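So that the names make sense, note that chain A is the first sequence line, chain B the second, and so on, each numbered from 1. Predicted model only: the values in this text are computed from it and were never measured.
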There are 4 protein chains.
Amino acid sequence: MAAATRDFVERLVLPHDDEHDGDVEAAGGDALRVELQAQARAAGLLSPHGPVEYGGLGLGMVERAPVLEAAGYSLFGAMAINANAPDEGNVHLLDQVASGGQRERYLRPLVAGELRSAFAMTEPAPGAGSDPGNLTTQAVPGDGGWIISGRKHFITGADGAGFFIVMARTGADATMFLAPASAPGIRVERHINTMDRSMIGGHCEVVLDDLFVPEEDVLGEVGRGFAHAQVRLGPARMTHVMRWSGAARRAHETAVRYAAERQMFGSRLCDLGMAQQQIADNEIDLAATQALLLQACAELDAGGRASKATSIAKTFAAEALYRVVDRATQLCGGLGVSQDLPVAKIARELRPFRIYDGPSEVHRWSIAKRAVRELAG
Amino acid sequence: MAAATRDFVERLVLPHDDEHDGDVEAAGGDALRVELQAQARAAGLLSPHGPVEYGGLGLGMVERAPVLEAAGYSLFGAMAINANAPDEGNVHLLDQVASGGQRERYLRPLVAGELRSAFAMTEPAPGAGSDPGNLTTQAVPGDGGWIISGRKHFITGADGAGFFIVMARTGADATMFLAPASAPGIRVERHINTMDRSMIGGHCEVVLDDLFVPEEDVLGEVGRGFAHAQVRLGPARMTHVMRWSGAARRAHETAVRYAAERQMFGSRLCDLGMAQQQIADNEIDLAATQALLLQACAELDAGGRASKATSIAKTFAAEALYRVVDRATQLCGGLGVSQDLPVAKIARELRPFRIYDGPSEVHRWSIAKRAVRELAG
Amino acid sequence: MAAATRDFVERLVLPHDDEHDGDVEAAGGDALRVELQAQARAAGLLSPHGPVEYGGLGLGMVERAPVLEAAGYSLFGAMAINANAPDEGNVHLLDQVASGGQRERYLRPLVAGELRSAFAMTEPAPGAGSDPGNLTTQAVPGDGGWIISGRKHFITGADGAGFFIVMARTGADATMFLAPASAPGIRVERHINTMDRSMIGGHCEVVLDDLFVPEEDVLGEVGRGFAHAQVRLGPARMTHVMRWSGAARRAHETAVRYAAERQMFGSRLCDLGMAQQQIADNEIDLAATQALLLQACAELDAGGRASKATSIAKTFAAEALYRVVDRATQLCGGLGVSQDLPVAKIARELRPFRIYDGPSEVHRWSIAKRAVRELAG
Amino acid sequence: MAAATRDFVERLVLPHDDEHDGDVEAAGGDALRVELQAQARAAGLLSPHGPVEYGGLGLGMVERAPVLEAAGYSLFGAMAINANAPDEGNVHLLDQVASGGQRERYLRPLVAGELRSAFAMTEPAPGAGSDPGNLTTQAVPGDGGWIISGRKHFITGADGAGFFIVMARTGADATMFLAPASAPGIRVERHINTMDRSMIGGHCEVVLDDLFVPEEDVLGEVGRGFAHAQVRLGPARMTHVMRWSGAARRAHETAVRYAAERQMFGSRLCDLGMAQQQIADNEIDLAATQALLLQACAELDAGGRASKATSIAKTFAAEALYRVVDRATQLCGGLGVSQDLPVAKIARELRPFRIYDGPSEVHRWSIAKRAVRELAG
């Protein structure tokens, strides 16, 4: 599956990478998505993570790792096989928590690639960001459902999404809600102009203005929003790592091949000691990322929450993979910072991963607190 | 002078930064340049490095440092006061090496901001890059002058430049030539699409095709091109450091102010230990950069070549300033990777400095060779 | 087994750590070894790596990892369970390569803890060090065997060893020989006074002066010395990582407990952000070391040579574990550099691991060469 | 002066380094001190920092830097020229604050090398450590003076000191007192066994038990102990940096010379790229340390407190110089961790500097607080 995905991505997806670099229609927009997903479907590669009953391939986390890494080789690869964030994580969440009716209405078309989705939790300051306890979006009981108002930002894929999963405060607790994008009261206000540009649907600021959600579209239980979000958290961290490993690996391979061709000071660049150090450090960082990833995935497959393992793997990976791409840039010299090679673009896309999905500092804070608790009572 | 420059840049230049972000007319193009330079001239701030006889302010390297750092606070600030690369270095070179006629024809209008210039040395592989000895552009004697052919790339400011300084092989040695951009035989073939986007005139690939240069436009002595280039090298490295110090300082200040306003976990972000570490590390990196810079500038002002000191200062600065901006990004969280704050843009502009003007690896190679020579004979 | 080993080490071995710190009788000498190994034998914990037929526990590499890590919690723990370097690696080598008679004479007593052994390969410059091809010790055919002369250094455990495995040049190739320490012609010339002091038998300089080895004590095949050494290499690297992981973990735990008790600036030290960062970075480094280790061990258990995986794991671990101990030192402040806590001692013992068993630089060189071969043909 | 000091140290002091490594009589004890200081006196090199009126050389901070760096080339060099910690800082403090009688009784013999001194401020937890506000040693008014009780630790040079400067709480504030070591009530309880071993008089735990100090031996004003301590702080930090720069430079030079002689893989070690990187990084770290040091010294010479500049320079230097020595260790391979070369010993001596005189973390905390105050009000 990984080999087939790698082959598919190299042949059919990668050529599109350079056509759409940072334009408004990030990742070519839904037209390209529909085209590529049709090809992936035909190749039997669509939705590797999706439940088999809805046409997905039902791969566990360990099995999924090499497939999503292969997809990540292109910035549009995960989109092409319908395993992109946030859809991929939303599939997992719905599969665990959604009611029967919700599964039909939301999960089935999502796995099939008929629509995209968004996960609306993060808020601008002083709302829910690194500290989810600050959640300010309010849901109040209304006639046969809930009325939700608030402001969300960095909502990935919001522009063009078919539906939203919305986290809102319900009294002292929080609850998750499902809402079609067409519902009155949802407004995608702007694209936040981030340095990464390849995420279809962008990272948006979204206003919820008296959005009505009927009782049947409460996702999971009222008041258990944060608990349900935990279900999504660990696996979503790891699939990010998988995808970005592929991107970083592409940058590394590009650099090694460049260094093997470039002559300098009477030698191949790749035979100069400082270049060898960069190449070796990349191999080490990629291997350590891989090892931490697979160990966390095995924990998840075994049914654990794996919050320590996924937090460590995410934090290490976000930093290590960025180092890999940074060294690849340096190896390629002037071309490394140009669009003549894909390295600079990958660096730009990868940088925010140290912030998205929990900044490294917040992960470290939680890793340390756990260590103190375990070791010093 | 530094305070006045800082004030000028903040009031009149900075507002333009966000208007022109990565568009084809980088830095607003020459229209904005002419407008801003007129304002700088009126304020008595134009060409701080330029010879007094041509209207420059004649500042030495140590005096220049705070002025160019203040200018660097905006990505267009150095352009506004006519102290941008490569013009600033070219002024220095011409002032040292040019003949009387050349001074009138090239140096005077350059100091006055009447035109821009380019320095055409670097070539695509397998030509002159990190290893200048690979120079392939050829100059052969012609009728009353020289005929030059070759290909150059990463020629900063080439698009729209008034004249070029061209390095070409003349037999076993190399020679520098002056040529108006309008000369037949110079063709700006393309902008290399680099991650930095604020350099007016871009980084271009330039083709020289039987370019004729009359004898009177040989710059300095035939066969002494590399020696003359040394004259330009040390100071140009240091003025880069000055400008980028300003940019990095802006990112740092932005981040500190953000962290002082942002509340998190019941505290100001700037009072959390991990944020304090990032802030302190930035202060340390900025201070060390400054200290190395000023020491190298003092050596240059004293008449030395300062190649060890400038090589060390450039290498340290390029890495330290990038770390500063990277930490600033991290401190600002999601907004740090967006255009809502200037940090991500500065990071993108600054990254290539570890490669331009000699990659860190090549500087290290030469620093090490010198150390071995000095310490182990 | 790991839990029992951990318990054994904490109760019976750790108390001896502080009795013997850097004295001539490193690790208490063989008297303490005999005493502790008798206790380990009684507890059923002796020789976890040894073949079952000789009384060892026959654990594979993955099973061995937690056991040797538990042993490494004390600097004398591995010695106590007879799984110390170089004996542990020598057991593996003999088990793979030795003849039936050699097994009885050398392997059996080694597994039983009746004697210790040494592995004499490394030579002073210009001999075999990082570059084994420089081997200068010569073996020439003699009457019914071989006559060996040369000089070896950094021969761990040589002082008091029962027998030596000697690598010597036999024509263009190299061959391994077995020799009792009592053989005329072996002389332990001096202890090299290294910063680590806990290795029983020290790191010695050994002179071989017409040492006679009968034909029956050639180990493996004549001329295949380097190939046989490969058998030992990968597993020996990994058991080093296991033991040092335990030592680093002890330093980390010591520091976390210290930081949980120490009050500073109105808070527990462990709740200050910079301390949390150090604690979290330690957790990350320990986890990544563990993940790389187990992956390499699984490859070895599956019968592979695993030279890439073990090289990466060794290089990463040697650096990561030292960082762990260095941060632990910093966390403990003044006491961290004193013998009031075990941290400084562990740092001193651990530092050479970045050099022993192949310096990081040599590993990086080989990792890079392999990467270029694989990726760029 | 620097050249003469360097020559003196190399000829007369360095040979003693290896005679006394970590023995109880650290640095050879006072017998060697008296012998070496007599030689330094004869050579006109004694007390470069001391007031001229008492026979010192009266050098300012900038002038002092190369001299103390030259002294630091040997671990006993600063002792030999009577510019060791804590005496050197105590001279400065007494020169600024002491009364006329105190100058005669304490400062004069200290500058002359007739006795040594100690500065007793730091206390075991929960007393005054990184947070001086925790000071617990109490001074209460007694008959014609003060009676002081408390416990101090890490009191450098205490064993054998001629007198102590004691910081004690006097009500809400703190006061400094002078006391001869022979005074009843001062007891050097133990040497704290730290990893550094070359400081004459050790780092001791000292008990003050109803120590009587007559009114005339109050140092400075009652209640202004912390303010007076500030006088000592900045310069003492910088002279530490000077001395350790010399030690680190010796390690670096040793490594470069080793690498220039050692052959590996068909090349000189110093010509291999990874070694060149280590050598270059050492040069960069040494140069940046030097630049920060000199800038802070110039501020001090100009009469400023320079607390920001000295804090940054100390923090950077402690980390950078340790990196230098660590890379030197790595360059020297096995010999780098042995006593065959001085590198391992220097590493051991230098490590605590990241903790002594304010751990890096506490310095970073104060650097960050100042930055926030300056930039964000």
Study note, to complete from the structure: Scored by heavy-atom pairs under 4.5 Å with chain B, the best of A:R262, A:M264, A:H153 is A:R262

Check your understanding: Does B:R351 reach the side chain of A:D326, with side-chain heavy atoms less than 4.5 Å apart?
Key -> yes

Revision key, fill the gap. Scored by heavy-atom pairs under 4.5 Å with chain B, the best of A:N193, A:T194, A:D340 is A:N193

Practice item. Below 4.5 Å from any heavy atom of chain B, which atoms of A:F154 appear? Answer side chain, backbone, both or neither. Key: side chain

Revision key, fill the gap. Highest number of heavy-atom pairs under 4.5 Å with chain B among A:G133, A:G333, A:P126, A:S360 belongs to A:G333

Check your understanding: What residue in A:G336, A:A125, A:A344 has the most heavy-atom pairs under 4.5 Å with chain B?
Key -> A:A125

Exercise for review: Drop me the distance from B:S338's OG to A:I355's CD1, to the nearest 0.5 angstrom.
Suggested key: 9.5 Å

Study note, to complete from the structure: Correct closest heavy-atom pair for A:R364 and B:M274 would be CB-CE, 3.8 Å

Exercise for review: Could you check A:Y356 against B:V337 for side chain to side chain contact (heavy atoms under 4.5 Å, CB included), going step by step and ending with a plain yes or no?
Suggested key: CA-CA 10 Å; A:Y356 297 165; B:V337 296; 3.8 Å; yes

Practice item. Check whether any side-chain N or O of B:Q330 sits under 3.5 Å from a backbone N or O of A:R354 as a donor-acceptor pair, and report yes or no. Key: yes

Check your understanding: Which answer fits A:Q278, side chain, backbone, both or neither, if we ask what part of it has an atom under 4.5 Å from a heavy atom of chain B?
Key -> side chain

Study note, to complete from the structure: Cut-off 4.5 Å, heavy atoms of chain B, and the answer for A:M195 is both

Point to revise | Contact origin within A:L272 toward chain B - heavy atom pairs under 4.5 Å | key: neither

Exercise for review: Could you tell me which of B:G273, B:G129, B:P359, B:G334 has the largest number of non-hydrogen atom pairs under 4.5 Å with chain A?
Suggested key: B:G334

Check your understanding: In terms of heavy-atom pairs under 4.5 Å, which option from B:P124, B:P352, B:A275 contacts chain A the most?
Key -> B:P352

